[in-house]
Amino acid sequence: MVKTSQLGGIVLDFQVLKTEKSCAARLGQLTTSHGVFDTPIFMPVGTQATVKTLTPEDLYAAGADIILSNTYHLHLRPGEDLIDQAGGLHSFMNWKRGLLTDSGGFQVFSLKGLRKIDDNGVHFSSHIDGSRHYLTPEIVVAIQQKLGADIAMCFDECTPYPCSYEEAERAVQRTSLWAAKCKDSHNKVDQALFGIIQGNVFGDLRERSAREITALDFPGYAVGGLSVGEPKPQMYAMLDSVDSWLPHDKPRYLMGVGAPEDLLEAVKRGIDMFDCVLPTRLARHGTALTSGGKLVIRNANYAYDFTPLDPVCDCNVCQNYSRAYIRHLIKAEEMLAHRLLSFHNVYFLLKLMRDIRNAISNDEFNNFYNKFFDNYRF
RNA sequence: GGAGGGAUACCCAAGAGGCUAAAGGGGGCAGACUGUAAAUCUGUUAGCGACGCUUUCGAAGGUUCGAAUCCUUCUCCCUCCA
């Protein structure tokens, strides 16, 4: 459970409480000035200072301890100065628990057509109004310090898939260069700055990136540049060595991953933290995550299905609303459909993480893993 | 009673002799979605024994090598005038 008081001023503390014997899965505890969180943990994504359709109260009810927001998007709108004047991002959006801001490194990937990279930084043409913006590691750190999240991320270059070796290598070099600059310019004592490993799907580049980034000594390490379109086995292969390359006493964060099966696979390989837009995006597109697999609730065969989204789910939505009703709301384009599905999907992943933690705690992660895949249909 | 206008696929709606099984929308059905340019995007939507065949543009007949498109009659709808 989260404690939100009497923690002001804490930088970041991470303790590994237990590690599985048969795999790299581990149970940990992350302490920030906005709470103590058990890991492995999932962080819902609230890019524009909101997890789409959900209030902070909804998120507390769903069991969220820490959420993610975005430097690039908040810099463009409303701007970090406004948020600073509001008393920081926590205060601005009325979020009282943990907060992590992504650096904009993902936008280097996702806004490919609107940016130009050089060794000093990235020129963006705003996707909103076309205005020109230049982000450097120093600027990105300054923005994140004003936003004031508990965890800030280094500015990195996230490469696409497929990607040439040369391109991936250049990104690794830049990401290391920028990580050093980020570290040098970061001086906010109650904010932790995490380093990011790149290397696309090339094992030797991943290893090199891990070596260079860990040499800079960050309080936590993220694995970036995965789940960008590569086949799952390749993503898992890149995670296989995480446990040996990244220090055991620091949190490891796999960026952008959140498909239920991927969470299991990554925890097994020693990952402690995750974030993903998948639960909220799938929700808005009419799909529910369930213990039996993805349920495309907008499909016709649920029109007369008066059972809950997931019969074994104890969330508020599953206790009170039927598949048929939610399908109707989707077909009628009612906003409540997005809210109900978002809440359920976020709850589902957070519950999955709770179950994973319990399993590790009880030395039965492998059983849990096997049982999960027995039930989950792709 | 008189004068015009119109009937196209589930719906709206283009098309005015061959390149039309028929544009566009909508709706339906399905797929995709992983550090959110995403309440988005993509495919499909006459029927089949399906790289071919069969039946479609209010109905019936006709002209033509060829008709949703031209002609005749009929049915129904709308507008205006009495």
Side-chain angles (χ1 to χ4, degrees), chain A residues 42-54 66-74 76-77 100-115 124-130 140 144 149 151-161 175 194-198 221-232 235-236 239 253-263 265-266 271 273-289 294 296-303 327 329-342 345 349 378:
Chain A
F42 178 77
M43 306 181 280
V45 178
T47 302
Q48 307 205 72
T50 169
V51 176
K52 294 185 193 300
T53 78
L54 300 178
I66 172 168
I67 63 174
L68 186 137
S69 198
N70 184 278
T71 300
Y72 170 85
H73 288 278
L74 295 180
L76 291 191
R77 183 174 55 192
L100 180 152
T101 45
D102 184 28
S103 60
F106 185 72
Q107 279 63 45
V108 173
F109 156 78
S110 67
L111 302 180
K112 205 164 184 226
L114 296 172
R115 56 84 176 136
F124 286 97
S125 296
S126 161
H127 66 283
I128 301 165
D129 62 6
V140 161
Q144 291 189 90
I151 300 173
M153 301 303 299
C154 283
F155 196 37
D156 65 325
E157 182 184 342
C158 178
T159 50
Y161 179 90
T175 297
F194 279 21
I196 305 178
I197 312 301
Q198 287 292 337
Y221 297 98
V223 178
L226 289 177
S227 63
V228 291
E230 78 283 2
K232 282 177 189 287
M235 172 166 89
Y236 301 152
L239 296 176
Y253 162 29
L254 177 55
M255 307 186 80
V257 167
E261 65 275 20
D262 296 340
L263 297 177
E265 297 293 355
I271 299 291
M273 302 168 65
F274 301 90
D275 79 278
C276 196
V277 306
L278 201 61
T280 46
R281 181 178 292 169
L282 284 181
R284 278 175 278 117
H285 297 172
T287 297
L289 296 168
K294 277 194 272 189
V296 184
I297 205 68
R298 95 181 111 76
N299 284 179
N301 49 328
Y302 304 114
R327 177 182 132 91
L329 293 178
I330 293 164
K331 302 306 282 184
E333 295 182 61
E334 283 293 341
M335 294 181 284
L336 184 58
H338 300 153
R339 251 179 80 67
L340 294 179
L341 279 168
S342 293
N345 283 352
L349 289 188
F378 292 92

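These numbers were taken from a predicted model, which means no experiment stands behind them. Proteins come first, then strands; the chains are lettered A, B, ... in the order of their sequence lines, and each starts at number 1.
Panel note: side chain Thr280(A), backbone Ser342(A); no donor-acceptor pair is recorded below 3.5 Å. A donor-acceptor pair is defined here as one N or O able to donate and one able to accept, closer than 3.5 Å; such a pair exists between the side chain of Thr71(A) and the backbone of Asp102(A).
Each of Val223(A), Leu100(A), Ile271(A), Ile196(A) was scored for a side-chain contact (heavy atoms from CB on, under 4.5 Å) with Tyr253(A), with one residue passing: Leu100(A).
Glycosidic torsion of C29(B) falls outside 90° of 0, placing the base in anti.
Annotation: G62(B) and U79(B) have their P atoms spaced 36 Å apart (nearest Å). Rounded to whole Å, the separation between the P atoms of U8(B) and C57(B) comes to 11 Å. Nucleotides U42(B) and C77(B), compared at atom P, are 42 Å apart to the nearest Å. Taking atom P in both A13(B) and C29(B), one finds a spacing of 24 Å when rounded to whole Å.
Here Leu282(A) lies in heavy-atom contact (under 4.0 Å) with a base. Contact annotation for Ile330(A): no contact, since no heavy-atom pair falls under 4.0 Å across all strands. In this structure, Thr280(A) reaches the bases: a heavy-atom distance under 4.0 Å links it to at least one base atom across the strands shown. As judged by a 4.0 angstrom heavy-atom cut-off over every strand, Ala259(A) is placed among the base-contacting residues. Within 4.0 Å (heavy atoms only), Asp275(A) reaches sugar-phosphate atoms of the nucleic acid but no base atom. If you check every strand for non-hydrogen atoms under 4.0 Å, Glu334(A) touches nothing. Among the protein residues, Gly225(A) comes within range of the nucleic acid bases, having at least one heavy atom under 4.0 Å from a base atom. Within the 4.0 angstrom heavy-atom criterion, no nucleotide atom of any strand lies near Thr53(A). Residue Gln107(A) is classed as a sugar-phosphate contact, given heavy-atom separations below 4.0 Å to backbone atoms only. Within 4.0 Å (heavy atoms only), Leu114(A) reaches at least one base atom of the nucleic acid. As judged by a 4.0 angstrom heavy-atom cut-off over every strand, Lys331(A) is placed among residues touching the sugar-phosphate backbone only. Residue contacts shown for Asn299(A) are limited to sugar-phosphate atoms, with no base heavy atom under 4.0 Å away.
When each of Arg281(A) and Cys154(A) is assigned the nucleotide of RNA chain B bearing its nearest heavy atom, the one mapping closer to the 5' terminus is Cys154(A). Along RNA chain B, the nucleotide closest to Lys294(A) and the one closest to Val51(A) are compared, and the more 5′ of them pairs with Lys294(A).
By the ring pair (Phe, Tyr, Trp, His ring centres under 6.0 Å) test, His73(A) pairs with His127(A), sequence neighbours left out. In this view, Phe109(A) and Phe106(A) satisfy the ring pair (Phe, Tyr, Trp, His ring centres under 6.0 Å) rule, not counting sequence neighbours.
In a base pair of the Watson-Crick type (N1 to N3 plus N6-O4 or O6-N4) or a G-U wobble (N1-O2 and O6-N3), with each distance short of 3.5 Å, G43(B) is matched with C29(B). Using N1 to N3 plus N6-O4 or O6-N4 for Watson-Crick, or N1-O2 and O6-N3 for G-U wobble, each under 3.5 Å, A38(B) pairs with nothing. A59(B): Watson-Crick or G-U partner is U73(B), with both key distances under 3.5 Å.
Running 5' to 3' along RNA chain B, contacts with non-hydrogen atoms of chain A at under 4.0 Å begin and end at G27(B) to U40(B).
Looking at heavy atoms from C-beta onward, Asp275(A) lies in side-chain contact with Met255(A) at the 4.5 angstrom threshold. Proximity of Met235(A) to Ser227(A): side-chain heavy atoms (C-beta onward) are separated by under 4.5 Å at one or more points. The closest side-chain heavy-atom distance from Ile330(A) to Leu341(A) is below 4.5 Å.
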